[in-house]
Enquirer: 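Please see the structure below; I have some questions.
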Amino acid sequence: MLPTPSADLKPNTLAYEVAPLVKATGFREYDARWLFEKEINLLGIQALGQGLGTLIRELGKTPRIVVGHDFRGYSLSIKQALTVGLMSAGIEVNDIGLALSPVAYFAQFDLDIPCVAMVTASHNENGWTGVKMGVEMPLTFGPDEMGRLKEIVLNGEYKSFPGGAYKYVEGLRERYIEDVVKDVSIKRKLKVIAACGNGTAGAFAPEALSRLGIEVIPMDAELDHTFPRYNPNPEDMEMLHAMQDAIREHGADLALGFDGDGDRCGVVDDEGEEIFADKIGVLIARDLSALHENAQFVVDVKSTGLFVTDPVLIENGAKTEYWKTGHSYIKRKSHEMNALAGFEKSGHFFFNEPVGRGYDDGLVAAIALLQMLDRNPGKKLSDLRKSLPKTWQSPTMSPHCADEIKYDVVKKVVAKLEERAKNGGTIIGQPIRDVVTVNGVRITAEDGTWGLIRASSNKPELVVVIESPTSEENMKKMFEEMDAVLREHPEVGEYNQKI
């Protein structure tokens, strides 16, 4: 048995080589993420694997699991340490090799294996690692499972069991690609940029899209775990601007950008305009609700207000519920409500039958978008964008705030804004229409302009998003008010990007 993990071991020491290092803050709301070597070492990863195996048995699940890893210089070694831990807990490990997160989720169905552990830091910068986990298809862990896993690992409660085994599973890449393109025919002639940021998607997305019969121009599709141009994150303006440049260079109809583990998709249209994922969600919701009566959708609180005010969605009889931000939350809520689809502003799209299996997959989202264009042969993507009611949106902005204090800061911000609303206060000089606190705080002015402040679920940051249906000026005013509230807390640092 491994020793109980410590949180303060230093690299290049005897203790670091013989004991697990696991920092408690790496256990996030719905997955796990650490700075590798600084916050967790390989023995810590092994302890995580044994803890996960112990939890699988505690929950009464079949002791079999799918494991895969993303394309980073250290991900394979982390997966191997995780595998050792899982096997020591008596789990049969089915290793699918290099994979996207949705390939690992697909493998659960393909191999009929209930549990999954995908080694990935998703869109986080190099240096980060993590694991996305689940024990019930197509769901991933939520706070309850993560809380129990944290207890098991940090308290050294993991146990050894007989029966551990290792199987290397070949052919998942091909079977996955065949699955996402089956029964899909794009008749319209389209030229599409497939932007992969030198991440894992480069081994999957260009080939899958090419099989649809469209012209695909791969962009940064060569695997290079140094990420030489930009971090593969289609929510960052740097990647979006590179996609804009490629649109203009090649005269393409659109650019599709995939994050480091391929479960998110970002979009730039034929005019070089980035369309934030929530508005892509509105367009896809329009398309699907015209095909399916009384369609139900779920969206996160960072998303545009158009999901409830768009006249086309209203005419189609579509219903939308706003829920907590986070791929696990939206996935679970969509599953519970049997929603046709769920959308996150970050670019996670969740399609249930008949479109998908309920998990987030950037390629499935991309194909749904291409099918929408195929059903609108006389319109460019920019025409569809312009058909939406105009709103002014900020990108997702993230001021630094340490993991240990970020939730306390948000709690204080929520209390302050709730008190302002209760006492008849105003926001951007207008009466406050409503305050939603399902995930942080989303405060809305009388004209529909809203601002959101919440804690990031996977990084030491807060999250700020602003939208106004009336003017760019009001969007900027709302940001200034939200920022002024945050500046009352000196522990809140600089933004990664701003309006």
Side-chain angles (χ1 to χ4, degrees), residues 233-241 243-244 247 254-255 257 266-286 297 299-314 320 322 325 343-347 380-399 417 426-436 439-454 462-487 495-499:
N233 180 5
E235 202 174 11
D236 282 355
M237 300 308 294
E238 190 174 6
M239 185 171 184
L240 290 168
H241 289 160
M243 292 162 63
Q244 291 172 337
I247 285 281
L254 70 157
V267 181
V268 174
D269 70 18
D270 52 285
E271 292 185 348
E273 287 289 321
E274 70 267 15
I275 311 178
F276 292 137
D278 55 345
K279 289 194 174 179
I280 289 292
V282 174
L283 292 175
I284 292 177
R286 280 180 167 187
F297 301 103
V299 301
D300 77 319
V301 293
K302 289 164 56 180
S303 294
T304 177
L306 289 177
F307 281 101
V308 293
T309 61
D310 177 56
V312 176
L313 290 179
I314 293 172
T320 301
Y322 286 83
T325 291
F343 306 106
E344 268 198 289
K345 185 180 172 68
S346 63
K380 300 176 181 177
L381 184 54
S382 58
D383 296 327
L384 296 175
R385 167 178 56 83
K386 292 170 186 175
S387 73
L388 292 173
K390 174 70 174 175
T391 72
W392 287 261
Q393 281 184 297
S394 75
T396 298
M397 302 171 287
S398 298
L417 292 178
T426 62
I427 195 83
I428 63 169
Q430 300 178 26
I432 295 170
R433 192 175 79 189
D434 59 63
V435 178
V436 177
N439 188 201
V441 58
R442 176 166 164 160
I443 187 167
T444 304
E446 189 175 45
D447 72 347
T449 300
W450 59 268
L452 169 77
I453 297 173
R454 57 178 290 273
L462 304 181
V463 174
V464 180
V465 181
I466 312 292
E467 182 183 47
S468 175
T470 54
S471 70
E472 182 178 14
E473 180 185 7
N474 280 353
M475 176 188 72
K476 291 180 177 178
K477 283 182 179 178
M478 181 62 82
F479 172 67
E480 289 168 1
E481 291 226 27
M482 295 292 97
D483 186 55
V485 173
L486 289 179
R487 291 306 141 201
Y495 288 81
N496 65 334
Q497 56 186 357
K498 293 171 71 172
I499 295 173

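Any value given below was found using the heavy atoms of this structure, including those in side chains, with hydrogens, waters and symmetry copies removed.
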Enquirer: With sequence neighbours excluded, tell me which residues meet salt bridge (charged side-chain N to carboxylate O under 4.0 Å, His left out) with D310.
Expert: R286
Enquirer: Distance from L486 atom CG to E481 atom CD, nearest 0.5 Å?
Expert: 12.0 Å
Enquirer: Mind running side chain to side chain contact (heavy atoms under 4.5 Å, CB included) on D483 and V464 for me, showing each step along the way?
Expert: CA-CA 9 Å; D483 186 55; V464 180; over 6 Å; no
Enquirer: A277: what forms a side-chain contact (heavy atoms from CB on, under 4.5 Å) with it, not counting sequence neighbours?
Expert: F349
Enquirer: Taking E480 first and then K476, would you say they form a salt bridge - that is, a charged N and a carboxylate O separated by under 4.0 Å?
Expert: no
Enquirer: How about E274 and M237: do any of their side-chain heavy atoms sit closer than 4.5 Å?
Expert: yes
Enquirer: With the threshold set at 4.0 Å, does a side-chain nitrogen-carboxylate oxygen contact exist between E273 and K279?
Expert: no
Enquirer: Between P399 and M397, what is the shortest heavy-atom contact and its length?
Expert: CD-O, 3.6 Å
Enquirer: Under the rule for side-chain hydrogen bond (donor to acceptor under 3.5 Å, both in side chains), what residues qualify as partners of S382, not counting sequence neighbours?
Expert: D270
Enquirer: How long is the gap from CG on L384 to OG on S387, to the nearest 0.5 Å?
Expert: 5.5 Å
Enquirer: Would you check if the side chain of D278 reaches a backbone N or O of T304 as a donor-acceptor pair within less than 3.5 Å?
Expert: yes
Enquirer: At what distance, to the nearest 0.5 angstrom, does CD of E235 lie from CD of E344?
Expert: 9.0 Å
Enquirer: Is the ring pair F307/F343 parallel, tilted or perpendicular, if the boundaries are 30 and 60 degrees?
Expert: parallel
Enquirer: Rounded to the nearest 0.5 Å, what's the gap from CZ on R385 to CD1 on I275? Could you check?
Expert: 6.0 Å
Enquirer: Give me the atom names and distance for the closest heavy-atom approach of T449 to M478.
Expert: O-CE, 3.5 Å
Enquirer: Heavy atoms only: give me the nearest M475-S468 pair and the separation to one decimal.
Expert: N-CB, 3.7 Å
Enquirer: Please step through side chain to side chain contact (heavy atoms under 4.5 Å, CB included) for the pair K302 and N439, ending with a clear verdict.
Expert: CA-CA 9 Å; K302 289 164 56 180; N439 188 201; over 6 Å; no
Enquirer: Enter the distance from I443:CD1 to I453:CD1 here, rounded to the nearest 0.5 Å.
Expert: 9.0 Å
Enquirer: I need the minimum non-hydrogen distance between L417 and V441, along with the two atoms involved.
Expert: CD1-CG1, 3.8 Å
Enquirer: Show the nearest heavy-atom pair for residues Y322 and V308, with the distance to one decimal.
Expert: CE1-CG1, 3.8 Å
Enquirer: With side chain to side chain contact (heavy atoms under 4.5 Å, CB included) as the test, would you mind laying out the steps for R433 and W450 before giving the verdict?
Expert: CA-CA 9 Å; R433 192 175 79 189; W450 59 268; over 6 Å; no
Enquirer: Taking E446 for the side chain and P431 for the main chain, is one N or O donor matched with an acceptor at less than 3.5 Å?
Expert: no
Enquirer: If every non-hydrogen atom of I432 is compared with every non-hydrogen atom of T426, which pair is closest and at what distance?
Expert: CG1-C, 4.0 Å
Enquirer: What's the verdict on salt bridge (Lys or Arg N to Asp or Glu O under 4.0 Å) for K477 and E473, showing C-alpha distance, side-chain angles and the deciding distance?
Expert: CA-CA 6 Å; K477 283 182 179 178; E473 180 185 7; 3.6 Å; yes
Enquirer: Go through it in stages, so that I can follow the logic: the residues are E271 and K386, the test is side chain to side chain contact (heavy atoms under 4.5 Å, CB included), and I'd like the CA-CA distance, side-chain angles, deciding distance and then a yes or no.
Expert: CA-CA 11 Å; E271 292 185 348; K386 292 170 186 175; 2.8 Å; yes
Enquirer: With no hydrogens and no angle check, do the side chains of D447 and N474 hold a donor and an acceptor under 3.5 Å apart?
Expert: yes
Enquirer: Is any NZ, NE, NH1 or NH2 atom of the basic residue among K345 and E467 found under 4.0 Å from an Asp or Glu carboxylate oxygen of the other?
Expert: no
Enquirer: Between CD1 of I466 and CD of Q393, what distance do you get to the nearest 0.5 Å?
Expert: 11.0 Å
Enquirer: Side chains of P389 and T309, heavy atoms from C-beta outward: is any pair under 4.5 Å?
Expert: no
